[in-house]
Engineer: 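This is the structure, below, for whatever I ask next.
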Amino acid sequence: MTFPQQPQQPQYPQYPQGPAPQYPQSQFPQQLQQPNRNPFFEWLQRAKRDFSRIGASLCLMVIIWYAGVFLLKGVVRAVAGGVGAGGDMPNWMTFLISDVPLYLIAMPVAVVPMGKSTVIETRKFNMKPGMFFKLLFMCLPMMWVGSMVGSMLSLALSDGEATNRVADLAMQTNIWNVVFLVILGPIFEEWMFRKQLIDHTRKYGEKTAILLSGLAFGLFHMNLFQFFYAFLLGVMFGYIYMRTSKLRYSTAMHMIINFNGGVLAPWILTRVDLDQLDKVSQAAENGNVAAMEQWASQNATGLAIMLVYFLLYGAVILVGFVLLIRNFRKAEFYTAPEELPRGVRAKTVYGNVGMVTFIVLTVLLTAISLFL
C-alpha cells in the first residue's frame, strides 16, 4: 500500500557500526562456533534479551490486570452485598472492574521494564482521507474472516458449548459500550500494542515489529472467538502506525470498528425480537403460519433496518476484499537499522524466556475461558 505523500525511505537513525550489515548470512555457521569472541553472536543475544524483556513486560501486564480484577470484584461483592456473584453484574460494572486495572495500572506499569534503549526516533507522516478509508475498508473483510474462523474453531473445540462473553456483554446496548468499547479501549490498546511495542522493536525490522504487535494484540484478548480477527487487525493497525508514526489513524480505525461491532450491530439486532423468532419458527414448522406472519408484522421496521445494514455491510466487505487483493503486494517495508537476518529472526524474537512465558500464559487463559 503506497503512501504517495511520503519520501521513499523513512529517516531511521544510522548505525555505522551496526552488526547486521557487517555480518552477512552466509557467515552465520562459522561465527556461531566462537560465540565468546563473535560480535554478531553478542548482538543476537542482546536482541534476544530485548525481546525477552518485552515478553516479560507483557506477562506482568496480564498478571497485574487479573490481580486487579480479582481484588475489585472482591471489594464490589463486599460493599454491594454479593452483587455479581451469580453473573448478574450490570455491564457498566463489568467494564469498570475489567478496564480500570488494565488501562490505569497494568499497561503503564508494564511499559516501565521495557526501557528506552531500543526506541528509535522516526519522522511522522500524514495520511490523506482517501487512503484512510481505503485501508479501513480493507480491515472489514479481515475482521469478518477472522471472526468466522474464531467462532467455528471455538464451537468445534467446545462441542458447541462455548459462548462469546464479549459479544454477550456488547448486546447490553447503552452509553457504557461507547465509553469503554469505542473510546477508552482503542486509545489505551493502540498506545500499548502499536506505539509501545512497535517503537521498542522496529529497529530490528519493520515486519518483525508489526507481526509481534499483531500477535501480542490477538493473544492479549485471551478469547479464541476474538484471536484471529484481533491478530489480523493488529497487523493492519501496526502497518498503518509503521508508515505514519502517528497513533491517530490506527486509533480512529479501531474506534470505528469497535463502534460497529460493539454499538451499531448490537443495537440493530435488538430492533428484532430474536427470542420470539425461535418460537414462531417452530410454530410455523408445525403449520401455524399465522404466528410467523404476526411476528413479521410486529418486527417489520426492525427487519427493514437489519436488511439494509447487512446489505451495506456485505457490500463494504466485498469492496474490502477487492482492495486487499489489488493492494496486498504494494505494501512498503524498509530495512531497519538493525534488521534481524531471516535465518535467526523467529528464534530471536520468540525463542526466549519472556516471550515463551507470555505466549504460554495467554494460551492457557484462552483455553480456560473457552471451556469454563
Side-chain angles (χ1 to χ4, degrees), residues 1-12 20-21 24-25 120 122-150 190 193-195 197-199 201-219 227-254 256-257 313-350:
M1 297 147 222
T2 304
F3 290 80
Q5 71 271 27
Q6 286 190 210
Q8 290 298 309
Q9 177 77 18
Q11 293 189 358
Y12 284 123
Q25 189 171 353
I120 57 176
T122 56
R123 289 183 58 190
K124 300 183 186 329
F125 301 100
N126 294 320
M127 182 188 296
K128 293 181 178 180
M131 178 61 69
F132 176 88
F133 286 104
K134 180 179 179 180
L135 292 170
L136 177 62
F137 279 21
M138 293 164 66
C139 286
L140 296 179
M142 298 169 71
M143 182 173 181
W144 182 76
V145 170
S147 180
M148 293 292 292
V149 172
E190 291 305 303
F193 291 98
R194 250 56 68 187
K195 180 170 179 55
L197 283 190
I198 289 179
D199 282 2
T201 57
R202 68 189 302 165
K203 80 170 187 176
Y204 292 117
E206 293 188 346
K207 292 181 181 179
T208 297
I210 291 171
L211 288 175
L212 176 60
S213 171
L215 178 63
F217 186 58
L219 291 172
F227 170 77
F228 294 97
Y229 76 73
F231 166 71
L232 293 174
L233 289 178
V235 169
M236 176 62 86
F237 294 160
Y239 178 78
I240 291 167
Y241 179 71
M242 183 69 70
R243 293 278 65 86
T244 62
S245 293
K246 289 185 177 182
L247 271 181
R248 66 183 64 168
Y249 302 114
S250 62
T251 302
M253 289 186 190
H254 198 157
I256 293 171
I257 289 172
Y313 190 58
V316 171
I317 289 177
L318 182 60
V319 171
F321 269 121
V322 173
L323 291 173
L324 267 176
I325 294 170
R326 294 181 59 182
N327 293 276
F328 181 77
R329 295 187 179 277
K330 297 180 182 179
E332 296 178 351
F333 298 99
Y334 302 101
T335 302
E338 296 187 45
E339 186 91 19
L340 288 169
R342 182 169 302 194
V344 297
R345 188 177 300 161
K347 183 177 179 180
T348 302
V349 176
Y350 303 105

Engineer: Could you walk me through whether Leu219 and Phe231 pass the side-chain contact (heavy atoms from CB on, under 4.5 Å) test, one step at a time?
Structural biologist: CA-CA 8 Å; Leu219 291 172; Phe231 166 71; over 6 Å; no
Engineer: Check whether any side-chain N or O of Arg243 sits under 3.5 Å from a backbone N or O of Glu332 as a donor-acceptor pair, and report yes or no.
Structural biologist: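 Present.
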Engineer: Please round to the nearest 0.5 Å and tell me the distance separating atom CE of Met143 and atom CE of Met236.
Structural biologist: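 Reported value, rounded in 0.5 Å steps: 13.5 Å.
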Engineer: Heavy-atom distance under 4.5 Å between the side chains of Tyr249 and Asn126, does that happen here?
Structural biologist: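 Touching, per the 4.5 Å side-chain cut-off.
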Engineer: Using ring pair (Phe, Tyr, Trp, His ring centres under 6.0 Å) as the criterion, list what pairs up with Phe217, not counting sequence neighbours.
Structural biologist: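 Applying ring pair (Phe, Tyr, Trp, His ring centres under 6.0 Å) to Phe217 gives Phe193, His221, His254.
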Engineer: Could you go step by step and tell me if Ile257 and Phe237 meet the side-chain contact (heavy atoms from CB on, under 4.5 Å) rule?
Structural biologist: CA-CA 12 Å; Ile257 289 172; Phe237 294 160; 4.0 Å; yes
Engineer: Please work out which of the three classes, parallel, tilted or perpendicular, describes the rings of Phe333 and Tyr239, given edges at 30° and 60°.
Structural biologist: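 Ring orientation of Tyr239 relative to Phe333: perpendicular.
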Engineer: So, for Ala230 and Gly218, which heavy atoms are closest and what is the spacing to 0.1 Å?
Structural biologist: CB-CA, 3.9 Å
Engineer: Give me the atom names and distance for the closest heavy-atom approach of Thr201 to Ala209.
Structural biologist: OG1-CB, 3.2 Å
Engineer: Roughly how far apart are Glu190 CD and Leu197 CG, rounded to 0.5 Å?
Structural biologist: 11.0 Å
Engineer: Closer than 3.5 angstrom, by distance alone: can the side chain of Glu338 be matched with the main-chain N or O of Lys203 as a donor-acceptor pair?
Structural biologist: no
Engineer: Hey, what do you get for OG (Ser250) to CE (Met253), rounding to the nearest 0.5 Å?
Structural biologist: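 Those atoms lie 8.0 Å apart.
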Engineer: Side chains of Leu212 and Tyr350: does their closest heavy-atom pair fall under 4.5 Å?
Structural biologist: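 Yes; the side chains approach each other to less than 4.5 Å.
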Engineer: For a 4.5 angstrom cut-off between non-hydrogen side-chain atoms, does Asp199 reach Tyr241?
Structural biologist: yes
Engineer: Hey, could you give me the OG1/CG distance between Thr208 and Leu340, rounded to the nearest 0.5 Å?
Structural biologist: 5.5 Å
Engineer: At their closest point, which heavy atom of Val235 faces which heavy atom of Ile210, and how far apart are they?
Structural biologist: O-CG2, 3.4 Å
Engineer: Could you measure the distance from the CZ atom of Arg123 to the NZ atom of Lys246? Nearest 0.5 Å is fine.
Structural biologist: 11.0 Å
Engineer: Assess whether side-chain contact (heavy atoms from CB on, under 4.5 Å) is satisfied between Trp144 and Leu140, documenting all intermediate values.
Structural biologist: CA-CA 6 Å; Trp144 182 76; Leu140 296 179; over 6 Å; no
Engineer: Within the distance-only criterion (no hydrogens, no angle test), does the side chain of Arg202 pair as donor or acceptor with the backbone N or O of Ile120 below 3.5 angstrom?
Structural biologist: no
Engineer: For Phe227, which residues count as a ring pair (Phe, Tyr, Trp, His ring centres under 6.0 Å) partner, sequence neighbours excluded?
Structural biologist: none
Engineer: Tell me, do Ser213 and Arg194 make a side-chain contact under 4.5 Å, heavy atoms counted?
Structural biologist: yes
Engineer: To the closest 0.5 Å, what do you measure between CD1 (Ile256) and OG1 (Thr251)?
Structural biologist: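 Between Ile256 CD1 and Thr251 OG1, I get 11.0 Å after rounding to 0.5 Å.
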Engineer: State which residues pass ring pair (Phe, Tyr, Trp, His ring centres under 6.0 Å) with Phe133; sequence neighbours excluded, sorted by chain then number.
Structural biologist: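 Per chain and number, Phe133 pairs via ring pair (Phe, Tyr, Trp, His ring centres under 6.0 Å) with no residue.
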Engineer: Could you please spell out the steps behind the side-chain contact (heavy atoms from CB on, under 4.5 Å) verdict for Val322 and Phe137?
Structural biologist: CA-CA 10 Å; Val322 173; Phe137 279 21; over 6 Å; no
Engineer: Give me the atom names and distance for the closest heavy-atom approach of Pro141 to Leu324.
Structural biologist: CG-CD1, 3.8 Å
